[in-house]
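All remarks here apply to the structure that follows.
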Amino acid sequence: MLIGDKWKVLILRDLLSGTKRFGELKKSLGTVTQKVLTAQLRDMEKKGLISRKAYSEIPPRVEYTLTKLGYSLKPVLDALDRWGKEYKHQVKDNTA
């Protein structure tokens, strides 16, 4: 259940490359609403997968980073990526 939602996997994917601001995540995810993204980020922060850092600036700036626990999911995400690429290749070969 920690990463069962499709948005959580994509958020983790984006944060593997480093710290991101809310707007960067929203833009990368495309069709996610601000409400859903906020809820997903809060849940992931509560579960210890990401950390949130808010800056006291105008306009406000918030950054999200994977925690050590969140980063420990990298091998799992890498395996899913490899599996997906192999699956895509097999489906392509079977339909040709």
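Computed from a predicted model, the values in this text were never measured in an experiment.
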Just verifying a value: how many Å separate T67 OG1 and L49 CG, rounded to the nearest 0.5 Å? 6.0 Å
Quick one: salt bridge (charged side-chain N to carboxylate O under 4.0 Å, His left out) pairs with a partner in residues 44-53, sequence neighbours left out? D43-K47
Pairs flagged by salt bridge (charged side-chain N to carboxylate O under 4.0 Å, His left out) wherever residues 14-27 is involved - sequence neighbours left out: none
Do T38 and R42 come close enough that some side-chain heavy atom pair is under 4.5 Å? yes
Pairing residues for [X] by the side chain to side chain donor-acceptor pair (under 3.5 Å) criterion, not counting sequence neighbours:
X   : result
Q34 : none
K6  : none
D81 : K85
T33 : none

Between Y64 and I11, is the side chain to side chain contact (heavy atoms under 4.5 Å, CB included) condition met? List the steps. CA-CA 10 Å; Y64 296 91; I11 291 166; over 6 Å; no
Derivation and outcome, side chain to side chain contact (heavy atoms under 4.5 Å, CB included), residues L25 and L10: CA-CA 9 Å; L25 289 169; L10 296 175; over 6 Å; no
Using the ring-ring contact (aromatic ring centres under 6.0 Å, His included) criterion, which residues pair with Y87? Sequence neighbours excluded. W83
The criterion is salt bridge (Lys or Arg N to Asp or Glu O under 4.0 Å); which residues satisfy it with E57, sequence neighbours excluded? R61
Show your working on side chain to side chain contact (heavy atoms under 4.5 Å, CB included) between T31 and W7 and close with a plain yes or no. CA-CA 10 Å; T31 60; W7 298 116; 3.5 Å; yes
Shortest non-hydrogen contact from V32 to L37? CG2-N, 3.8 Å
What donor-acceptor contacts under 3.5 angstrom involve side-chain atoms of residues 68-75, with partners at least two apart or in another chain?
| unit_1 | atom_1 | unit_2 | atom_2 | d |
| --- | --- | --- | --- | --- |
| S72 | OG | L69 | O | 2.5 |
| K74 | NZ | D78 | OD1 | 3.4 |
| K74 | NZ | D78 | OD2 | 2.8 |

